[in-house]
K.L.:
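I am attaching a structure below and will ask some questions about it afterwards.
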Amino acid sequence: MRSSVKRSVKSAFYSVAQECGLEDARPGQFDVSIPKEEKFGDFATNIAMLKAPAFRMKPRELADRLVARIKETPLFESVEVAGPGFINMRIKPVEWTLALDQVFTKGAAFGHVEAGGGEKVIVEFVSANPTGPLHIGHGRGAALGDTIARVLRAAGYQVHTEYYINDVGLQMDNLGRSTLIRARELCGLEPGGEPPYKGEYMIDVARGFLECKGRAALDLPEEKALALAREYAGHAILGGIRTDLDDFRVHFDQWFSEDSLHKAGGVEDAIAVLSAQGEIYEKDGALWLKTLDTGDEKDRVVRRANGVTTYLAADIAYHKNKLDRGYHTMVNIWGADHHGYIPRIKATLKALGGDPDKLAVRLVQIVNLKRGGQVVAMSTRSGVFTTLREILDDVGVDATRYFFLMRSSDAQMDFDVDLAKKQSDENPVYYIQYAHARCSNIFVTARERGLAAPPPMAAVDLTLLTEPEELRLIRKLLELPDVVESCARAFQPHPLTQYLTDTAALFHYFYHRHRVVTDNKALSNARLTLVEATRITLHNGLFLLGINAPDKM
RNA sequence: GCGCCCGUAGCUCAGCCGGAUAGAGCAACGGACUUCUAAUCCGUAGGCCGCAGGUUCAAGUCCUGCCGGGCGCGCCA
């Protein structure tokens, strides 16, 4: 609906421009927004205020002339100038009700838009080191990345999701060492030091290691035992991570191993290419990448003096790999503590001849865990953290996802576990789900009364929907495509949660004022159709958030 | 010291490219179940948008400087 209005305003603009002898005037960027106050109409535009100088007119004067033209479109009931030069437009109610038809013709695809034009996008997220279970902070990134991927798909992009596994290096050695130390403890042997990873989960990993490889593994030479432990523990922990993510309804198209990158020579290859471009130089025996001129604070080492490549080198190779795979846009969801990394990867892309703007990094701010009113600091190394698993078991998938998604990702948040548990019944997600269940239940009642529910479209006269509560709801339902598009553009899904809350509120409001199933069969059919449109909208919106839409609660 | 994020109702947070009288949920208070689910609805109350300047028809929004909170500034990953 908004796009139809925008077209009308544009064509009015060109007409007026011609009248004024300004043939080459362009409307440029202007707003067609939904006013906060209903009395201002269905849509408002600020175009007259923006373009008045170009026409050498006062805003209201230009607005008057535009109004005369806009009015010619039969879509509008009224078009008027208001305030400093806003043009307020009201759509004929019947146009709204008839537009409801698109919800049914699109069905499960209602809300989808073509904005992406099939462009290839890769969304990389979570990518937690396989050295411990996912904690609550990873959960936030997982919910965000997965939902961004869903929204981008709905917006017409070809989306690939990926988890990058840092399965090499010092941390994996530490993991292996922790496993061996815990295993020796379990066998009553001299542990041989403190485990680098102190979390209790390491004891379970060690137990699994002993069951799988046998006690004899401990008698192997240190190097062999370590390699065995490292490999076993890495797989075991990654398996747990996959299970947690599956249960959180987060599924990846690909799990990309850093180790595979090394083995395929990708890292050396990337360094060679960048060297050939003159982007890498040698100093103090190490190789440095020129990142300074892309906004970094200093150049960065990619290969140490001892010949070992750095973490950055692998990441460069990984992003080169993404570039080579032909993605138009690369979305990375990172923890906020990695923000210093953005200039480095952008520098890499630039050096490789790619467009640094292809990389869109969304930083996820810290999740502070609150328990008994106390903020608990978390650290994988010390083993003090609340796992995603624990939250899922306590709070449930739906509420947890909603909780993470209802806030902007770049604001820190406190996750008050006690509150989330205690007040789970009052979590706003239930408000939306309840609206959906209510829709379904109305159909049950309607069928009991012998009505087809939802009714076949041919039997429905939508123009019977004339109550303000009905029209308000219809207007909101038809906003979904706009919301999806703007969420996709910003890589930011949280407006969708607000939209669904608003939609549910308007539905509950309608429900309390009007009976759907009555003796008036024609009206009942029209209202049942509205209920079905609401149900489809809520269902599709919840799906984008990865939240269930129950038929019964 | 430098860089990034945040500061809006008692609490948790929305407020997009500047637009009309700054919103939602929770908490508080008062109402509504013989009627399709009361996990709902209606009403009341609650604000120096951190502070100070600047830009303009218009600033919570943009710019500058402070104040407060968080994070980052490794030949760690």
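Here is the naming used below: chain letters follow the sequence lines, and residue numbers restart at 1 for every chain.
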K.L.:
Return a table of donor-acceptor pairs under 3.5 angstrom between the side chains of residues 41-62 of chain A and protein atoms on other chains or two or more places apart.
P.N.:
from	atom 1	to	atom 2	distance (Å)
A:D42	OD1	A:R475	NH1	3.3
A:D42	OD2	A:I91	N	2.7
A:D42	OD2	A:W96	NE1	3.0
A:T45	OG1	A:D31	O	2.8
A:T45	OG1	A:I47	N	3.2
A:N46	OD1	A:D31	N	2.9
A:K51	NZ	A:R26	O	3.0
A:R60	NH1	A:G83	O	2.6

K.L.:
Would you say B:rC4 has OP1 or OP2 under 4.0 Å from some side-chain N or O of A:R362?
P.N.:
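The answer is no; no side-chain N or O of A:R362 sits under 4.0 Å from OP1 or OP2.
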
K.L.:
Describe the nucleic acid contact of A:Y431 in one word from base, sugar-phosphate, nothing, applying a heavy-atom distance below 4.0 Å.
P.N.:
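If one applies the 4.0 Å heavy-atom cut-off, A:Y431 turns out to touch the sugar-phosphate alone, with no base involved.
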
K.L.:
Is the phosphate of B:rA38 approached by A:R438 (side-chain N or O, under 4.0 Å from OP1 or OP2)?
P.N.:
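Yes.
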
K.L.:
Stacking between A:F40 and the base of B:rA20 (centre distance under 5.5 Å, interplanar angle under 30°)?
P.N.:
yes

K.L.:
With the side chain of A:E297 defined as its heavy atoms from C-beta on, choose the nearest nucleotide among B:rU40, B:rC76, B:rG72.
P.N.:
B:rG72

K.L.:
Compare the ring of A:F86 with the six-membered ring in the base of B:rA20 and state whether they stack (centres under 5.5 Å, planes under 30°).
P.N.:
yes

K.L.:
Counting heavy atoms from C-beta on, name the nucleotide in B:rC2, B:rC41, B:rA14 closest to the side chain of A:R513.
P.N.:
B:rC41

K.L.:
Could you tell me if A:Y318 and A:E162 have a donor-acceptor pair between their side chains, going purely by distance under 3.5 Å?
P.N.:
yes

K.L.:
Just checking A:S408: base, sugar-phosphate only, or nothing, at a heavy-atom cut-off of under 4.0 Å?
P.N.:
sugar-phosphate

K.L.:
Please write out each protein N/O paired with an N/O of nucleotides 32-35 of chain B under 3.5 Å, distance rounded to 0.1 Å.
P.N.:
from	atom 1	to	atom 2	distance (Å)
B:rU35	O2'	A:R515	NH1	2.6
B:rU35	O2'	A:R515	NH2	3.3

K.L.:
Expressed as a whole number of Å, how far does the P atom of B:rA20 sit from that of B:rC4?
P.N.:
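Approximately 29 Å lies between the P atom of B:rA20 and that of B:rC4.
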
K.L.:
Taking the side chain of A:Y509 as its heavy atoms from C-beta onward, which of B:rA14, B:rC41, B:rC75 lies nearest to it?
P.N.:
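So the side chain of A:Y509 is nearest to B:rC41.
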
K.L.:
Applying a 4.0 Å non-hydrogen cut-off, can you work out what A:Q365 is touching in the nucleic acid: base, sugar-phosphate, or nothing?
P.N.:
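Sugar-phosphate contact only.
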
K.L.:
Where the side chain of A:L50 is concerned, which of B:rA20, B:rG19, B:rA14 is the nearest nucleotide?
P.N.:
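Selected nucleotide (nearest to the side chain): B:rG19.
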
K.L.:
Where does B:rC66 fall, syn or anti, if syn means a chi angle no more than 90° from 0?
P.N.:
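Anti, which is what one calls it when the glycosidic angle falls more than 90° from 0.
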
K.L.:
Please, what dot-bracket string fits RNA chain B when only Watson-Crick and G-U pairs with both distances under 3.5 Å count, crossing ones use [ ] and pairs to another strand use |?
P.N.:
(((((((..((((.....[...)))).(((((.......))))).....(((((..]....))))))))))))....

K.L.:
Closest nucleotide of RNA chain B for A:A505 versus for A:M413: which of these residues is on the 5' side?
P.N.:
A:M413

K.L.:
Would you say the side chain of A:H339 and the base of B:rG3 hold a donor-acceptor pair, judged only by whether the two atoms sit under 3.5 Å apart?
P.N.:
yes

K.L.:
Side chains of A:Q433 and A:D398: donor-acceptor distance under 3.5 Å anywhere?
P.N.:
yes

K.L.:
Just to be sure I understand the rule, does A:A44 reach a base, reach only the sugar-phosphate, or reach nothing, if contact means heavy atoms closer than 4.0 Å?
P.N.:
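Base, at least one base heavy atom under 4.0 Å.
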
